Engineer: 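Once you've had a glance at the structure underneath, I'll fire off some questions.
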Amino acid sequence: MKFSYKFSNLLGTIYRRGNVLFTPDGNSIITPVGNRLTLYDLKNNKARTLSLSSSYNYRTLALSPDGSLLLAVNENHEAQLISMVSCTVIHSHKFQHDVRCVVFSPSGAHFAVAMQNLVFVFKAPGELTGEYNPFVLERHFLGGFDDITYLDWSTDSRFLLVGCRDNSTKVISIYFMKHFRTFVLGGHTDSIVACFFENNSLDANTLSRNGQLCLWECSRDMSSIERVEDHERQQYLSYLTKKRLKAAKKVADDSDEEEDDVENTLEKRNPTAEELLQAGKIVDDNEVEDEDIKRGHPFYYKKLGRYYLADEPRKENHDAMLTAAHYNRKTKIMVVGFSTGAFYLYELPEVNMIHSLSISDYAISTALFNNTGDWVALASRELGQLLVWEWQSEQYIMKQQGHSSEMTCISYSPDGQYIATGGEDSKVKLWNTQSGFCFVTFNEHTSGVTDLQFSRSKKFLVSSSLDGTVRAFDINRYRNFRTFTSPRVVQFSSVAVDYSDELVAAGGQDVFEIYLWSIKLGTLLEVISGHEGPVCSIAFSPVPTSSTLVSGSWDKTIKIWNCLETKSEHETIDVLSDVTSVAFSPNGENVAVATLNGNISVFDVKTATQISTIEGINDLNSGRLETDVITAKQNQKGKYFSSIEYSVDGECILAAGNSNVICIYHVREAMLLKKFEITQNKSFDGLNEFINRRNMTEFGNMALVEQREELEGGNVAIRLPGVQKGDMAARNFKPEMKVFSVKFAPTGQAFAAACTEGLCIYSLDKGVVFDPLDLSLEVTPKAIKESLKANDFSKALIMALKLNEINVINLALESIPYNDIQLICSTLPDHLAHRLLQVISRQLQTSPHIEFYLKWSCSLLLTHGNRDGVFQHASLLGLHESLSRKYETLNRICDFNKYTMRILLNTAKEQYTKNPQLKEKTLEAGSDQEMNGDDEEDDDGLLLIKSKSNDMEVFDEEDSSEDDDDDEEDDD
């Protein structure tokens with residue numbers, strides 16, 4: 001088994017925090033999911049999480065106008081410049097303070113960064129600016145007296161609109177301009193949430209938190225404001241300095257001071273503008289301080305009106321606040337989102353409400369239009385929800401929502417196409433592994449879901465819950481068709497389905513019994529007793545001829561039951577600690593048991609003897625929580641594996657638990673093969689091995705000190721004994737990183753892990769790995785090509801399979817004639833036939849030569865399928881998965897073409913009805929082609945000609961039937 005697994009996708013986490021972005025073409029949306037970024041392709045219906053990550057959660061994103069550069073800033077003020085072409089981090093930069101917002105200019109030459117009440121303008125690297133050093137600072141400005149909340153560029157990329165928390169909005173220019181001055185827009189009674197320029201204009205719209213919208217008209221056109229040259233700028237700065245000195249001398253004359261003292265005080269108190277620039281202090285060239293000049297200046301703003309957008313949502317909730325807004329300049333439509341979960345669309349400048357909708361009961365965190373203004377993206381941080389709404393047709397383009405609380409269990413479908421997840425929010429969700437989207441959610445449970453399992457027929461899914469029910473869901477009709485209950489209320493902690501899909505068993509958490517039901521009848525068959533502690537895990541044998549059931553309990557035992565034959569008789573195996581998870585090997589001969597002391601024991605089912613023991617407690621990474629009073633070394637003694645799973649070939653075990661690592665062990669050798677670290681996100685607690693020394697004082701760790709603020713009940717940071725999730729009501733809540741469940745895909749090409757971060761998918765890296773099967777000196781690409789030229793196809797294919805290079809194998813496969821496939825399949829050795837089937841199953845997903853590869857599949861299965869041990873179960877599942885996906889793709893294409901052909905036929909019918917001569921000309925042209933066409937072309941053209949003539953006959957019959965109906969009506 002190969003272990004080159006690599007992170008490929010993150011499911012279950014749709015949106016965490018921060019702003020979302022549309023790509024320039026408007027077909028994709030980028031969203032931050034913790035310390036990773038997910039790209040949702042709305043056109044092709046696919047979700048892809050980038051492999052890059054940050055050390056903290058992302059908070060602010062900005063995309064360049066051409067879509068090639070992405071600037072992402074995390075909670076620790078670290079900015080990453082990311083290339084969207086190669087999906088790699090080009091450069092990192094650490095800011096000193098918290099970054100509120102980042103915006104690229106429309107020209108792509110600059111990007112503005114807002115920190116506290118300051119605005120920094122950087123040159124964007126690229127061919128446009130000629131600057132390839134990232135984060136080159138060009139200008140910086142003072143925004144207001146409080147933190148900046150929003151930034152917006154003008155269309156010509158020369159002006160910035162800065163919204164602040166001090167209820168003001170500032171208009172600034174990044175250059176020194178004629179007929180322009182820095183202007184402050186007031187009039188709001190709450191902090192600014194958003195502010196926008198109009199298209200090709202300096203007219204502005206400002207929105208505050210209490211729902212007030214102010215429309216501003218600028219006195220100057222954008223074209224009438226010109227940039228001042230550098231020498232004129234220096235003259236103006238010297239003039240400004242002299243004016244300041246003159247004003248200061250006038251003040252000094254009034255105070256009767258000596259001239260020498262005045263000059264000294266002026267030099268100390270009033271430095272020149274050049275000195276301020278050289279010292280790095282903030283100077284705005286366009287700032288006008290003289291009140292007389294301000295009154296006569298040609299640049300000013302006039303308020304056109306004030307509108308109260310919060311009146312509508314406050315009819316239902318008096319405390320509604322505006323939380324998000326965005327404005328599309330081309331269509332002049334504004335979207336505003338409120339804390340009640342409702343959003344409204346307004347048409348400016350008339351401020352007419354054209355659309356309203358409520359998506360949830362929680363606040364809308366961000367709202368965004370795409371470039372055309374047809375789609376609006378809305379996200380809610382509390383729900384982890386992201387949706388894209390097409391407001392004109394009033395339909396969802398995308399609507400995705402993850403689990404609102406932690407994901408506790410997962411299960412792969414038998415063909416590996418779907419993943420089912422259950423969470424503490426009592427929901428069961430189905431995810432498509434190919435697209436990455438959730439396509440159905442079951443809400444029937446009323447408490448947390450504890451375990452899941454697919455049936456082997458892929459027709460239904462069984463889940464257990466703490467609400468005392470076990471439910472079976474139909475995968476095809478998306479409904480709950482069976483609900484299994486016990487005679488008394490029991491909290492079920494585990495569930496299992498037998499090989500025949502006829503029995504379902506569930507273990508109790510508060511009642512130490514196992515319940516057995518019939519799926520077809522829905523009746524309780526038996527209550528199996530024997531355990532003296534909670535039954536935490538159960539598993540049926542994967543062998544068709546066996547009904548063996550293994551159960552693990554906190555009473556430090558596992559029991560082997562034969563449900564159908566001996567009923568309550570069982571074999572008891574004592575282990576040294578509480579059992580946390582059990583798993584059957586694929587052949588049904590062995591069972592692996594994970595215990596609370598961090599060990600994994602493997603037992604033989606028939607003889608109940610121990611085969612091997614894996615001591616894995618030292619492999620579980622242990623960090624130190626911020627509030628821990630013990631060291632990380634002592635904390636590691638409490639780590640254990642909570643979920644284990646056998647690999648497809650049964651040689652290895654995948655194990656994970658209350659740590660941020662996943663381990664793969666070899667069963668026979670009892671040794672660690674590979675260890676995967678789930679995340680390095682320091683926004684989670686418990687990843688640091690040592691506590692922050694800055695918190696250490698002579699009184700101890702300051703994180704343990706209770707901090708109370710004025711007029712508050714206090715902020716207690718001490719964790720109560722036994723609490724593992726922390727205080728989720730605290731302001732700064734850092735969840736602890738854990739892995740709840742791990743599962744191998746049935747094909748063995750991937751595995752999934754449900755953790756605090758979400759559902760992480762790891763797949764085999766098929767990159768630069770040279771892994772030949774049976775390499776010798778004569779097996780070379782040159783020799784393969786020479787054999788193909790000599791038409792020795794069998795030799796070429798065998799050498800290509802031994803070389804194990806996918807491009808060479810594809811070349812050899814597609815060079816073989818269609819009629820020789822059956823003959824060559826009969827000459828292949830068994831071990832190479834298995835390898836060839838794996839290659840064909842992968843090629844079926846992407847190749848357009850469907851019939852060609854289907855012929856290969858049929859020939860291989862007919863020739864080698866009747867022999868035992870040639871094809872592994874995983875390879876056959878991989879072929880089935882590829883065929884299922886190709887079938888769904890062709891099904892969509894055929895449905896689309898069916899309706900297109902129907903429209904074309906109806907259009908032709910209308911034309912023939914309006915112009916009967918056109919029908920006669922078409923028939924004559926078709927008959928001429930039949931008489932004069934060549935024999936080779938006739939075979940291709942006859943189908944079209946016949947279809948045309950048949951269509952004419954159909955149209956004639958319909959026309960004649962309509963004429964007969966008209967005649968009958970006339971007779972009546």
Side-chain angles (χ1 to χ4, degrees), residues 15-21 30-37 53-63 70-82 89 91-104 110-122 134-135 137 139-153 160-170 172 190-195 208-209 280 282 323-325 363 365-366 379 381-382 626 680-685 687-688 692 694-695 702-703 707 709 715 717 730-735:
Y15 169 80
R16 280 283 174 85
R17 186 181 182 183
N19 61 313
V20 298
L21 299 171
I30 303 171
T31 173
V33 285
N35 68 331
R36 297 185 184 273
L37 300 170
S53 62
S54 173
S55 56
Y56 289 87
N57 288 338
Y58 288 116
R59 177 176 287 184
T60 308
L61 305 177
L63 188 65
L70 177 70
L71 190 62
V73 187
N74 61 21
E75 295 175 349
N76 199 34
H77 331 315
E78 182 182 358
Q80 291 180 336
L81 192 64
I82 301 169
V89 178
H91 186 76
S92 297
H93 181 79
K94 182 67 178 293
F95 289 107
Q96 295 181 354
H97 303 285
D98 190 16
V99 176
R100 296 289 179 180
C101 47
V102 181
V103 186
F104 271 92
H110 299 89
F111 62 87
V113 178
M115 284 188 298
Q116 294 182 339
N117 62 337
L118 304 176
V119 181
F120 297 86
V121 179
F122 294 87
F135 297 96
L137 181 63
R139 297 295 304 276
H140 53 291
F141 303 93
L142 181 67
F145 296 102
D146 207 339
D147 292 342
I148 295 172
T149 57
Y150 202 87
L151 290 175
D152 188 49
W153 286 90
L160 267 171
L161 199 59
V162 183
C164 302
R165 193 169 285 171
D166 61 357
N167 310 345
S168 66
T169 306
K170 200 171 188 179
I172 59 177
D190 207 340
S191 60
I192 302 297
V193 173
C195 51
S208 62
R209 186 169 171 267
I282 299 171
T323 55
S365 304
T366 182
R381 178 186 172 187
E382 285 79 5
E626 289 184 349
Q680 297 178 350
N681 187 3
K682 295 181 181 178
S683 296
F684 293 114
D685 203 358
L687 293 183
N688 294 324
N692 191 353
R694 295 178 181 177
N695 292 333
M702 293 301 294
Q707 299 175 355
E709 298 179 6
N715 185 11
R731 287 186 175 179
N732 297 321
F733 168 59
K734 294 181 69 174

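Not measured: the values here are computed from a predicted model.
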Engineer: Is Asp166 reaching over with its side chain to a backbone N or O of Gly144, donor-acceptor style, under 3.5 angstrom?
Structural biologist: no
Engineer: Does Leu118 form a side-chain contact (heavy atoms from CB on, under 4.5 Å) with Phe141? I'd like the steps, not just the answer.
Structural biologist: CA-CA 6 Å; Leu118 304 176; Phe141 303 93; over 6 Å; no
Engineer: Could you tell me whether a side-chain N or O of Lys170 sits under 3.5 Å from a main-chain N or O of Leu142, the two making a donor and an acceptor?
Structural biologist: yes
Engineer: Could you pull out the closest heavy-atom pair between Leu81 and Pro134, with the gap in Å?
Structural biologist: CD2-CB, 3.9 Å
Engineer: Please enumerate all residues that pass side-chain contact (heavy atoms from CB on, under 4.5 Å) together with Val99, with sequence neighbours excluded.
Structural biologist: Val73, Phe95, Val102, Val113, Met115
Engineer: One pair to check against side-chain contact (heavy atoms from CB on, under 4.5 Å): Asp147 and Arg100. What are the steps and the verdict?
Structural biologist: CA-CA 8 Å; Asp147 292 342; Arg100 296 289 179 180; 3.3 Å; yes
Engineer: Enter the distance from Ile148:CD1 to Asn117:CG here, rounded to the nearest 0.5 Å.
Structural biologist: 6.5 Å
Engineer: What are the two closest heavy atoms between Phe135 and Ala79, and how far apart are they?
Structural biologist: CZ-CB, 4.0 Å
Engineer: Show the nearest heavy-atom pair for residues Tyr15 and Val33, with the distance to one decimal.
Structural biologist: N-CG1, 4.0 Å
Engineer: Restricting to non-hydrogen atoms, name the atom on Val20 and the atom on Pro32 that form the minimum distance, rounded to 0.1 Å.
Structural biologist: CG1-CD, 4.4 Å
Engineer: Walk me through it: do Asn681 and Ser53 pass the test side-chain contact (heavy atoms from CB on, under 4.5 Å)?
Structural biologist: CA-CA 8 Å; Asn681 187 3; Ser53 62; over 6 Å; no
Engineer: What about the rings of Phe120 and Phe111, do their centers lie closer together than 6.0 Å?
Structural biologist: no
Engineer: Could you tell me which residues satisfy salt bridge (charged side-chain N to carboxylate O under 4.0 Å, His left out) with Asp98, sequence neighbours excluded, listed by chain and number?
Structural biologist: Arg59
Engineer: Would you give the length of the straight line joining atom OH of Tyr58 to atom CG of Asn74, rounded to the nearest 0.5 angstrom?
Structural biologist: 7.0 Å
Engineer: Within this structure, what is the OG1-CZ distance for the pair Thr149 and Arg209, rounded to the nearest 0.5 Å?
Structural biologist: 11.5 Å
Engineer: For the residue pair Leu71 and Ile82, establish whether any side-chain heavy-atom pair is separated by less than 4.5 Å.
Structural biologist: no
Engineer: Can you tell me how far CD1 of Ile172 sits from CZ of Arg139, rounded to the nearest 0.5 angstrom?
Structural biologist: 9.0 Å
Engineer: Are any non-hydrogen side-chain atoms of Asn167 and Ile192 less than 4.5 angstrom apart?
Structural biologist: no
Engineer: Give me the atom names and distance for the closest heavy-atom approach of Ser683 to Pro735.
Structural biologist: O-CD, 4.3 Å
Engineer: Show your working on side-chain contact (heavy atoms from CB on, under 4.5 Å) between Lys94 and Asn76 and close with a plain yes or no.
Structural biologist: CA-CA 8 Å; Lys94 182 67 178 293; Asn76 199 34; 3.8 Å; yes
Engineer: First locate atom CG of Leu61, then atom CG of Leu21, and finally report the distance between them rounded to the nearest 0.5 Å.
Structural biologist: 5.0 Å
Engineer: For the OG1 atom of Thr169 and the CG atom of Asp152, what is their distance to the nearest 0.5 Å?
Structural biologist: 11.0 Å
Engineer: Considering all heavy atoms of both residues, which atom of Ala363 and which atom of Glu382 are nearest to each other, and what is their separation?
Structural biologist: O-OE1, 3.8 Å
